[in-house]
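The model shown is predicted, which means the values in this text are computed figures rather than measured ones.
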Amino acid sequence: MRERRPLRIGPILCALLVVVCVLAVVVYQREGATGPLHSVQAAVAGIIAPLQGPGEAASGAVDDLGQAQADASASEETLSALKQQNAELRNLLAQAEEYRLKAQDLENLLNLKDIYEIEGMGAHVIGRSTDSWNQTITLDIGESSGVKPGLTVMGSYGVVGQVASVADRSCTVRLLTDPQSGVAALIQSNRAEGIVRGSLDGLLYLENVAADVTVEPGDVVLTSGLGGSYQRGLLIGSVVKVEGRAGDATRTIVVSPNDITHGYEDVIVVFEASGDTGGDEGSGDGASGDKGAEG
């Protein structure tokens with residue numbers, strides 16, 4: 001009898017699998033997104049998705065560990081060089097910020113000069129008083145530049161004080177907030193006049209305003225020019241607090257200066273200005289010109 005040879009299933013099975021795969025691909029491409037093969041694919045993806053997170057986390061942890069090992073193995077010379085580079089970058093950033101602030105300050109001064117049509121000279125602050133009894137700053141221009149006692153000094157946003165004394169190449173400016181300062185002023189909205197005085201607490205107080213004048217927080221306060229101690233119509237600040245009402249003999253009016261004297265480095269010494277107050281001329285009950293600032 002002829003001996004039977006065993007049937008070789010392997011090649012046949014491979015051929016069947018190839019045929020099944022080809023048919024599955026054809027069916028997958030032709031069926032819609034809601035077809036059975038697409039549904040099976042979505043189900044399998046949902047099952048293995050939770051398993052991918054830990055794997056990615058483990059891979060990230062391995063990468064972090066490798067980076068940490070690399071950092072730990074870095075030489076002391078490399079670490080020192082990196083520290084030096086970081087210090088240099090911080091220094092450059094600080095310088096860039098200083099340049100930005102100075103440029104902004106100078107731009108504000110130029111805008112102020114145009115608004116008030118100021119004829120004056122720019123100056124740099126080279127000194128500041130350190131006690132509350134004498135709130136002054138020292139500028140790097142003096143008599144040789146035409147500076148005289150009594151001239152108005154403006155910062156980036158408004159009046160800051162008045163030249164008190166002059167040397168050949170420097171001058172001392174008494175700030176508005178100094179207890180000895182006083183400037184004839186007017187309220188822009190109602191043209192009422194008064195005196196703005198400094199104080200030991202560094203605040204400005206509007207005094208000698210007529211008792212029947214209504215003063216509200218937010219009212220803009222300007223120099224009135226009375227007495228000739230300050231140029232007329234320059235911005236001093238705005239009312240921030242009113243204690244009492246019109247008619248009260250003890251009414252207290254606090255004015256916030258429109259410039260902060262310790263926050264800038266450059267000012268303008270005003271020789272002449274247009275003094276545009278932004279309103280019509282008007283008379284108001286209040287202080288007379290002989291109660292203005294000290295020269």
Side-chain angles (χ1 to χ4, degrees), residues 97-129 134-178 180-186 188 195-198 202 204 220-238 255-279 292-295:
E97 180 64 11
E98 283 296 310
Y99 291 146
R100 186 189 69 80
L101 293 174
K102 187 173 183 65
Q104 182 179 355
D105 206 31
L106 292 174
E107 182 180 0
N108 291 334
L109 282 173
L110 291 175
N111 291 337
L112 206 65
K113 191 173 182 180
D114 291 339
I115 291 172
Y116 292 107
E117 299 178 5
I118 292 174
E119 292 184 13
M121 180 171 292
H124 190 71
V125 179
I126 58 174
R128 304 178 193 274
S129 61
N134 293 286
Q135 298 184 32
T136 62
I137 57 176
T138 303
L139 307 182
D140 63 351
I141 61 174
E143 191 173 7
S144 61
S145 300
V147 179
K148 300 177 181 180
L151 292 180
T152 301
V153 178
M154 298 191 71
S156 303
Y157 299 96
V159 176
V160 297
Q162 187 178 42
V163 176
S165 61
V166 181
D168 184 44
R169 297 184 181 277
S170 64
C171 65
T172 300
V173 177
R174 190 173 302 282
L175 303 176
L176 286 179
T177 52
D178 187 278
Q180 302 178 55
S181 288
V183 51
L186 62 83
Q188 187 179 47
I195 297 291
V196 171
R197 298 190 184 279
L204 296 180
V220 175
V221 180
L222 308 171
T223 57
S224 69
L226 295 178
S229 58
Y230 279 82
Q231 293 283 345
R232 177 181 174 83
L234 301 179
L235 182 61
I236 295 175
S238 57
V255 176
S256 173
N258 207 52
D259 214 333
I260 306 301
T261 56
H262 58 269
Y264 57 78
E265 299 177 349
D266 298 281
V267 296
I268 296 177
V269 177
V270 180
F271 297 151
E272 291 184 17
S274 67
D276 182 12
T277 62
E294 295 183 12

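- Expressed to the nearest 0.5 Å, how far CG of Leu186 lies from CD1 of Ile236 amounts to 8.0 Å.
- The CE atom of Met121 lies 11.5 Å from the CD1 atom of Ile268; values are rounded to the nearest 0.5 Å.
- For Val166, the side-chain contact (heavy atoms from CB on, under 4.5 Å) test picks out Glu143, Val147, Pro149, Val163, Cys171, with sequence neighbours left out.
- For Ser165, the side-chain contact (heavy atoms from CB on, under 4.5 Å) criterion is met by Thr172, not counting sequence neighbours.
- The nearest pair of heavy atoms linking Ala184 to Leu226 is CB-O, 3.6 Å.
- Without hydrogens or angle criteria, Asp140 side chain to Ile126 main chain gives no donor-acceptor distance under 3.5 Å.
- Proximity of a side-chain donor or acceptor of Gln162 to a complementary backbone N or O of Gly150 within less than 3.5 Å is detected.
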message: As a quick check of understanding, evaluate side-chain contact (heavy atoms from CB on, under 4.5 Å) for Val125 and Leu139, giving each step before the final call.
response: CA-CA 5 Å; Val125 179; Leu139 307 182; 3.9 Å; yes
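- Listed by chain and residue number, Asp131, Arg174, Asp178, Gln180 satisfy the side-chain contact (heavy atoms from CB on, under 4.5 Å) test with Asn134 (two or more places apart in sequence, or in another chain).
- Exactly one residue among Leu175, Val173, Val270 makes a side chain to side chain contact (heavy atoms under 4.5 Å, CB included) with Val153. That residue is Val173.
- In this structure, a donor-acceptor pair under 3.5 Å is present between the side chains of Thr177 and Gln135.
- Taken to the nearest 0.5 Å, the CG atom of Leu222 stands 8.0 Å off from the CG atom of Leu234.
- The shortest non-hydrogen separation linking Leu204 to Leu176 is CD2-O, 3.2 Å.
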- request: Walk me through it: do Gln231 and Val159 pass the test side-chain contact (heavy atoms from CB on, under 4.5 Å)?
  value: CA-CA 10 Å; Gln231 293 283 345; Val159 176; over 6 Å; no
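- Put simply, the side chain of Arg169 never gets that close to the backbone of Ile141: no donor and acceptor are under 3.5 Å apart.
- With values rounded to the nearest 0.5 angstrom, Tyr230 atom OH is found 11.0 Å from Leu151 atom CG.
- Note: Ser224 OG to Arg232 CZ = 6.5 Å, rounded to the nearest 0.5 Å.
- The two atoms that bring His124 and Glu265 nearest to each other are ND1-O, 3.3 Å, heavy atoms only.
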